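The structure appears below as structure tokens.
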Amino acid sequence: MLILAIDTSAAASAAVLSQPSTDCPSEVLASFETTETNTHSEVLAPGIDSLLTEAGIAGTELDGIVVGVGPGPFTGLRVGIATARTLGFVWGIPVHGVMSLDAIAWDVMSERVRGGRAASGDGGFCVAIDARRKELYWARYTAAGELVDGPQVGTAETLPALPMHGAGAGLYAERLEAVGARVDPGFAERRPAAASLGAWAIRVLGRGQELLSTTPLYLRESDAKVPRQMKGTPAS
């Protein structure tokens, strides 16, 4: 299996991953990730072109594309999803969606495996990223990494009292800890990355399960408002 993974729910990132067989772990052949959160449209297409060149792969050789569908900002998600859909159409390959928070969950589970704690029987964990407006996008997972709740959006005080991972958790660490949550310092700045998103997708497909559609998970309305004149309402 050979896939291109894209995520623009925070910064723009992309990766090419390979899995020779279901018995083998996936391998990242090439990847890139920006540190900016407002340059998606400028850097994504050139970045994808460069990483395919680095991996020595043509787009038509890919088995599919997976793209993070959020939750995240409107503009960022649109860039990533539109790019994935366009490339899928041009190359004639399928395009699937993955919840972006699953990328961080994959990182958490990978770290737990390395530490021998992959399914310790505890109460699970949460992943949280910044949703602006003093809120968080979050999801809850079992100790074995299975999604049980989310994605949702809310203030820090509404999240479960569980271990917290992700840049949103780091941003509101004091408020989360005040309600009993425990912020993992090793993941306090972690954002969704395409390489992890692709690895999660390969895991799902390897289990014979289906991925999501490419419909974006906005969770709330856009901050942008249509001017009254455009709505046909006379200005007062």
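In this text, all values refer to a predicted model and were calculated from it rather than measured experimentally.
Residues in residues 196-208 take part in these salt bridge (Lys or Arg N to Asp or Glu O under 4.0 Å) pairs, two or more places apart or across chains: E146-R203, E146-R207. Listed by first and then second residue, the side-chain hydrogen bond (donor to acceptor under 3.5 Å, both in side chains) pairs involving residues 81-93 are R85-T214 (not counting sequence neighbours). Listed by first then second residue, pairs satisfying salt bridge (Lys or Arg N to Asp or Glu O under 4.0 Å) with a partner in residues 3-20 number zero, not counting sequence neighbours. For residues 170-197, the set of pairs meeting the ring pair (Phe, Tyr, Trp, His ring centres under 6.0 Å) definition, not counting sequence neighbours, comprises H165-F187.
Residues that satisfy the salt bridge (Lys or Arg N to Asp or Glu O under 4.0 Å) test with R140, not counting sequence neighbours, are absent from this structure. Evaluation of the salt bridge (Lys or Arg N to Asp or Glu O under 4.0 Å) rule for R175 yields E157 as partners, not counting sequence neighbours. Remark: D107 engages R190 in a salt bridge (Lys or Arg N to Asp or Glu O under 4.0 Å) (not counting sequence neighbours). Listed by chain and residue number, nothing satisfies the salt bridge (Lys or Arg N to Asp or Glu O under 4.0 Å) test with E33 (two or more places apart in sequence, or in another chain). Under the rule for a side chain to side chain donor-acceptor pair (under 3.5 Å), the partners of E135 that lie at least two apart in sequence or sit in another chain are R220. Considering only residues two or more places apart in sequence or on other chains, A105 meets the side chain to side chain contact (heavy atoms under 4.5 Å, CB included) condition with F125, V127, Y141, W200.
How far CD1 of I6 is from OG of S100: 11.5 Å, rounded to the nearest 0.5 Å.
Counting side-chain heavy-atom gaps under 4.5 Å among Ile, Leu, Val, Met, Phe, Trp and Tyr, L162 is found in no cluster with other residues.
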For residues 56-65, dump all side-chain donor-acceptor pairs below 3.5 Å to protein atoms at least two apart in sequence or in another chain.
unit_1: E61; atom_1: OE2; unit_2: A58; atom_2: N; d: 2.7
unit_1: D63; atom_1: OD2; unit_2: L2; atom_2: N; d: 2.7

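Taking every heavy atom of both residues into account, C24 and Q19 meet most closely at O-NE2, 2.7 Å.
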